[in-house]
Amino acid sequence: MLSITELLIALFLTLFIAHYFKLQWLRRRYPPGPTPLPIIGNLWTLNFVLHHEVLMQLAKTYGNVFTLWLGQKPVIVLNGCQAIRDGLISHSEELVGRPTIPTFHEMSKGKGVIFSSGHNWKQQRRFGLTTLRNLGLGKNSLEARIQEEAQNLVEFFATKKGKSLDPSPAIIHSVANVISAVTFGHRFSRDDKEFNQLIKANDAIGNKLMSAWGRLFDAFPWLMRHLPGPHQDLFRSNAFLEEFVKKEIQSHKENGVPEEPQDVIDFYQSKISRDSHDDPSTFDEHNMVRLAADFFGAGTDTTTNTLRWALLYMVKHPEVQENVQKELAAVLGESQIIHYEDRKMLPYTNAVIHEIQRMSNIVSVGLFRETVKETSLQGFNIEKGSLIIPNFSSALFDPDHWETPQQFNPGHFLDKEGKFKNKEAFLPFSAGHRVCLGETLARIELFVFFTSLLRAFSFRLPEGVKNVNMHPIFRTVLQPHPYQICVVSC
């Protein structure tokens with residue numbers, strides 16, 4: 001007669017096998033992909049991380065549209081330039097949704113713009129775009145703030161007098177102050193302890209959000225919510241970010257001038273007052289907190305890490321650095337202020353910035369999308385409610401669109417006459433209806449900061465250092481390893 005233990009083992013095996021065959025039956029509704037296991041799906045295959053290189057390897061076997069199972073959830077991966085453009089641009093309306101992913105929902109409760117969907121997302125995004133225009137996006141007022149922060153960074157580096165330093169803290173502070181001026185209406189000093197704590201909290205969110213712990217939380221939220229681990233640091237850091245925003249909102253209520261909005265919070269408070277009786281309106285304090293947090297988080301992380309990579313690539317390729325400096329000197333001369341419009345006269349410099357963005361590949365894998373209606377992608381029928389994820393790296397390194405995809409080559413963005421040209425596979429800001437809300441702001445920042453620094457300094461390795469570590473640290477955005485450089489005045 002079987003013991004209780006043997007009966008339990010037999011029951012477990014029976015359920016395991018039954019679930020396995022159920023998964024195989026369900027797989028027939030989706031594009032091909034690796035065989036999922038019960039409970040964990042393909043998480044083991046992925047080492048619990050959606051790494052862009054693993055996704056590109058899987059595409060070689062299963063094609064540029066394939067399915068992965070994250071626990072019990074099927075996710076359709078878009079790989080390569082054409083598949084991504086087909087999904088995000090040609091079928092943008094159908095792929096505009098954001099699914100209720102446990103980590104995302106735990107952080108935002110469906111509020112704000114990054115993690116929201118449907119009517120809430122449409123209203124918050126429209127407000128964000130309108131507010132950036134009102135604040136002078138593309139005009140002198142906002143660009144002047146960027147120029148001011150770039151000059152502050154130049155002056156800070158000048159005080160180091162060529163000594164070896166880690167440039168990251170200074171870059172982070174300057175970039176964070178740009179988005180702080182946009183969101184909160186003022187900048188913070190380098191010695192402000194709470195602001196520095198905010199920067200650390202934002203960095204922690206970026207480090208943990210797309211980690212293996214985040215994927216475990218997504219697969220088993222009912223369990224992980226009660227267990228200690230780095231995922232709890234993610235939620236604590238997010239809470240600190242939101243509390244910081246709430247303090248700024250309270251300060252605006254006490255000291256602001258409602259008739260003269262100066263920043264995102266001012267405009268949002270005015271919007272709440274005007275639309276309080278509209279139905280259905282999503283403009284409330286919860287959305288205001290989350291939208292401001294989204295602005296600060298996204299506006300700091302991406303630009304900061306692109307500039308960190310930029311200096312590293314200049315050190316790695318001194319001949320490119322020298323050519324940029326020659327073009328800046330020839331075109332701009334002794335002009336003290338650099339404007340975004342100057343890029344039209346600086347094709348080589350503009351090409352270098354674009355190639356830095358391509359190679360640094362900071363948003364290697366996009367956030368999850370959800371189909372809001374049934375559609376067809378690359379010959380596959382995709383059901384409503386399907387989860388989609390674009391592998392942007394596969395477009396930025398697509399050999400069908402880049403002559404030397406694995407090499408740093410500004411020529412990718414220059415025609416035969418040396419004029420700047422863009423490429424359809426260049427998608428660092430995503431594409432379609434969910435293209436990065438702050439794309440124009442980020443482009444202005446990158447250009448003004450990069451050219452200001454390259455005109456003032458040459459960047460070199462410290463004496464005795466021969467190698468440059470160009471391998472990224474895999475986080476929500478790909479980051480360079482910490483490094484030291486010498487900043488030498490030109």
Side-chain angles (χ1 to χ4, degrees), residues 46 49-66 77-90 210 302 305-321 323-324 347-366 378 389-432 435-436 439 442-443 446 450 467-475 477-481:
L46 298 169
V49 177
L50 285 166
H51 197 291
H52 60 282
E53 292 180 353
V54 175
L55 299 183
M56 285 191 278
Q57 287 298 319
L58 289 170
K60 292 179 180 179
T61 301
Y62 301 105
N64 281 330
V65 179
F66 63 93
V77 179
L78 304 181
N79 194 82
C81 177
Q82 294 311 312
I84 292 173
R85 291 183 68 86
D86 185 29
L88 304 192
I89 299 177
S90 300
M210 297 301 286
T302 51
N305 280 290
T306 304
L307 287 171
R308 291 174 66 201
W309 279 112
L311 299 189
L312 204 55
Y313 275 106
M314 292 304 93
V315 169
K316 178 73 172 177
H317 301 279
E319 73 287 354
V320 173
Q321 179 177 188
N323 288 337
V324 168
Y348 183 80
T349 300
N350 198 17
V352 169
I353 293 171
H354 280 69
E355 183 67 355
I356 289 167
Q357 288 182 269
R358 186 187 76 84
M359 286 294 292
S360 60
N361 176 36
I362 59 169
V363 184
S364 59
V365 179
Q378 302 284 290
I389 193 164
N391 182 14
F392 289 119
S393 292
S394 62
L396 295 174
F397 296 97
D398 192 329
D400 292 335
H401 292 265
W402 310 99
E403 295 176 10
T404 56
Q406 300 299 327
Q407 297 177 20
F408 185 81
N409 177 11
H412 286 140
F413 294 94
L414 296 170
D415 64 17
K416 293 180 181 179
E417 298 176 351
K419 297 179 180 179
F420 178 80
K421 63 175 182 179
N422 212 336
K423 295 283 194 74
E424 68 171 4
F426 183 69
L427 300 170
F429 297 104
S430 186
V435 68
C436 175
E439 176 180 356
R443 287 182 181 275
L446 288 175
F450 181 77
N467 297 319
V468 180
N469 187 351
M470 304 302 292
H471 296 290
I473 301 173
F474 186 84
R475 298 287 188 264
V477 299
L478 299 191
Q479 305 173 8
H481 288 267

On the 0 to 90° scale, with breaks at 30° and 60°, tag the H317-Y313 ring pair as parallel, tilted or perpendicular.
parallel
For the aromatic rings, using the six-membered ring if either is Trp, is the centroid distance between F426 and F413 under 6.0 Å?
yes
With distance as the sole criterion, is a donor-acceptor pair present between the side chains of [X] and [Y] under 3.5 Å?
| X | Y | answer |
| --- | --- | --- |
| N409 | E403 | no |
| E424 | Q82 | yes |
| H412 | T404 | yes |

Answer whether the closest heavy-atom distance between the side chains of [X] and [Y] falls below 4.5 Å.
| X | Y | value |
| --- | --- | --- |
| L446 | L307 | yes |
| R85 | L427 | yes |
| H51 | M56 | no |
| H52 | F392 | no |
| V77 | V65 | no |
| Y348 | V320 | yes |
| P480 | N469 | no |
| F450 | V324 | yes |

Please find the pair of heavy atoms, one from [X] and one from [Y], that lie closest to each other, and give the distance.
| X | Y | value |
| --- | --- | --- |
| G80 | S394 | N-OG, 2.6 Å |
| R475 | Q479 | CG-NE2, 3.7 Å |
| P405 | P399 | CG-CA, 4.1 Å |
| L46 | V54 | CD2-CG1, 4.0 Å |
| A83 | N64 | CB-O, 3.9 Å |
| S360 | L478 | O-CB, 4.1 Å |

side-chain contact (heavy atoms from CB on, under 4.5 Å) between S393 and E53: does it pass, once the steps are laid out?
CA-CA 8 Å; S393 292; E53 292 180 353; over 6 Å; no
When you measure from the side chain of E355 to the backbone N and O of P410, does any donor-acceptor pair fall under 3.5 Å?
no
Test side-chain contact (heavy atoms from CB on, under 4.5 Å) on K316 and F408; report intermediate values, then the result.
CA-CA 10 Å; K316 178 73 172 177; F408 185 81; over 6 Å; no
Under the criterion side-chain contact (heavy atoms from CB on, under 4.5 Å), I'd like the reasoning laid out for I389 against L50: C-alpha separation, chi angles, the key distance, then a yes or no.
CA-CA 10 Å; I389 193 164; L50 285 166; 3.6 Å; yes
Inspect the surroundings of CG in D400 and state if more than 12 heavy atoms from other residues, nucleotides or ligands are less than 6.0 Å away.
yes
If you count heavy atoms of other groups shown closer than 6.0 angstrom to NZ of K421, is the number above 12?
yes
Are W309 and Q357 close enough, and set up right, to give a side-chain contact (heavy atoms from CB on, under 4.5 Å), and what steps lead you there?
CA-CA 8 Å; W309 279 112; Q357 288 182 269; over 6 Å; no
